[in-house]
Amino acid sequence: MKYKQIEDKIILKAEDSFEIEQILECGQCFRFHKLAQNDYVIVAKGKVLRILQTKEEIILYPTSAEEFENLWSSYFDLDKDYDIIKRHLAEKDIHLARAVQFAPGIRILRQEPWECLISFIISQNKQIPHIKQVVENISRMFGKYICTFEGYDYYTFPTIEQLAMANEQELRNCKAGFRAPYIMDACQKVKNKEVELEKLANMPYEEAKKELLKIKGVGPKIADCVLLFGIGHEEAFPVDVWVKRVMEYFYFNRDTSPNEIQAFAKEYFGNLAGIAQQYLFYYARQLRLGK
DNA sequence: GCCCAGGCACTCA
DNA sequence: TGAGTGCCTGGG
């Protein structure tokens, strides 16, 4: 992707397939802070980055050309042509066409697997503001201080080793609740290589999913989220309550099991299932479809 | 005060 | 194999 650099700013030309608000607020990531409309700070890959989007430009700072090319370009999945994907999906049916048109600026972030795993373990039975809060508490308690920016202190998400030091009470103090033992189990299994996150990308989707399911507190939905948002398996189709609602609303017209929904998605969306899911999820949640 | 939220584990048929 | 229930916690 073309960009220009001015001092510590990287400037991209605004485009249809990049809306920072839609990217961050579509429920795939939790470490962002809204300063104003289209003005966000994110923490990822141990860095703090501000993203300011105007009509003409997307401004990222502080960063450098080198860091942009090595980190942020892949994080924002900038090499993928979302226009083609959206065209394919919109041709499927009118529902998908509307969902894509509703939020054409969504992109699937390529997040770090470890952070993704723990974040989605935390996500169960929680609403997004709570999830953000617990992830923030854990980062503050076990991560490393990065900087203070616009009056907020920012911390890295803890490494496996850092988080493995945590005991159950400390995790409960971070408001993890009944998920505290799950987090500890994830730390143990990843640390002792019972589950090797770095190998999941090169495994077939089904096999990679089986690996993640070994971790306590990780069921089909969370495994699929990790595979889609952290590993890059785009055929993963996480079925949460909103996706269940919207799929029933559009395609089934009856109560349908997550298994059946997933089988349908695999057949119908193919290897774009995960991306389709994200447009549908955002559409459903914003409009509260099926509720 | 009660209910529920971007699920999962556990139990029991 | 599938349905039913409890779970930390905070907000409506």
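Naming: A, B, ... by sequence-line order, numbering from 1 per chain. Predicted model, so just to flag it, every value in this text is computed and none were measured.
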Between [options], which nucleotide gets closest to the side-chain atoms of [X]?
X: A/P220; options: C/dG10, B/dC8, C/dC8; result: B/dC8
X: A/Q124; options: B/dG6, B/dG7, C/dC8; result: B/dG7
X: A/Q127; options: C/dC8, C/dG10, B/dC8; result: C/dG10
X: A/F120; options: C/dT9, B/dG7, B/dG6; result: B/dG6
X: A/R285; options: B/dG6, C/dG10, C/dC7; result: B/dG6
X: A/D240; options: C/dC8, B/dG6, C/dG10; result: B/dG6
X: A/K175; options: B/dG6, C/dC8, C/dG10; result: C/dG10
X: A/K126; options: C/dC8, B/dG6, B/dA9; result: C/dC8
X: A/K221; options: C/dC8, B/dG7, C/dG10; result: B/dG7

- Item | Nearest-Å distance once atom P is located in both C/dC8 and B/dC10 |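 Per the computed distance, 13 Å lies between those P atoms.
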- Message: Using atom C1' in both nucleotides, what's the gap between B/dG6 and C/dG2 to the nearest angstrom?
- Response: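 Taking atom C1' in both B/dG6 and C/dG2, they lie 23 Å apart.
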Round to a whole Å and report the spacing from [atom1] of [X] to [atom2] of [N].
X: A/L212; N: B/dA9; atom1: CG; atom2: P; result: 12 Å
X: A/D185; N: B/dA9; atom1: CG; atom2: C1'; result: 12 Å
X: A/Q278; N: B/dG6; atom1: CD; atom2: C1'; result: 11 Å
X: A/F178; N: C/dC7; atom1: CZ; atom2: C1'; result: 5 Å
X: A/I131; N: C/dG11; atom1: CD1; atom2: P; result: 14 Å
X: A/R245; N: B/dG6; atom1: CZ; atom2: C1'; result: 9 Å
X: A/I128; N: B/dA5; atom1: CD1; atom2: C1'; result: 11 Å
X: A/N125; N: C/dG11; atom1: CG; atom2: P; result: 16 Å

- Query: Looking across every strand, which nucleic acid part, if any, lies under 4.0 Å from A/V218 by heavy atom: base, sugar-phosphate, or nothing?
  - Reply: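 Sugar-phosphate: the residue A/V218, judged by heavy atoms under 4.0 Å, touches backbone atoms but no base.
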- A/E161 atom CD, neighbour heavy-atom count above 12 within 6.0 Å: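 Atom CD in A/E161 is packed in, count exceeds 12.
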- Should B/dC2 form a Watson-Crick or G-U wobble pair with both distances under 3.5 Å, which nucleotide is its partner?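 Checking every strand shown, B/dC2 finds its partner in C/dG12, with both distances under 3.5 Å.
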- Partner nucleotide, any strand, of B/dG7 [Watson-Crick/G-U, under 3.5 Å]: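 Partner of B/dG7: C/dC7.
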- Message: Does the structure place the NZ or CZ of A/K132 under 6.0 Å from the centre of the six-membered ring of A/F32, at an angle of no more than 45° from the ring's axis?
- Response: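 The answer is yes; both the distance and angle limits are met.
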As an exercise, state the distance from [atom1] of [X] to [atom2] of [Y], rounded to the nearest 0.5 Å.
X: A/E115; Y: A/K45; atom1: CD; atom2: NZ; answer: 10.5 Å
X: A/I6; Y: A/Y61; atom1: CD1; atom2: OH; answer: 12.5 Å
X: A/F229; Y: A/R110; atom1: CZ; atom2: CZ; answer: 12.5 Å

- Ignoring backbone atoms, test whether A/K244 places a side-chain nitrogen or oxygen under 4.0 Å from the OP1 or OP2 oxygen of B/dG6.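 For B/dG6, OP1/OP2 do not have a side-chain N/O of A/K244 under 4.0 Å.
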- Task: Could you walk me through whether A/L71 and A/T63 pass the side chain to side chain contact (heavy atoms under 4.5 Å, CB included) test, one step at a time?
- Result: CA-CA 10 Å; A/L71 252 63; A/T63 186; over 6 Å; no
- Any N or O donor-acceptor pair linking the side chain of A/R179 to the base of C/dC8 at under 3.5 Å?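 Yes, the side chain and the base share a sub-3.5 Å donor-acceptor pair.
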- Task: On DNA chain B, check which nucleotide each of A/G217 and A/C225 is closest to and give me the residue with the more 5' one.
- Result: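 Looking at the nearest nucleotide for each, A/C225 comes out on the 5' side.
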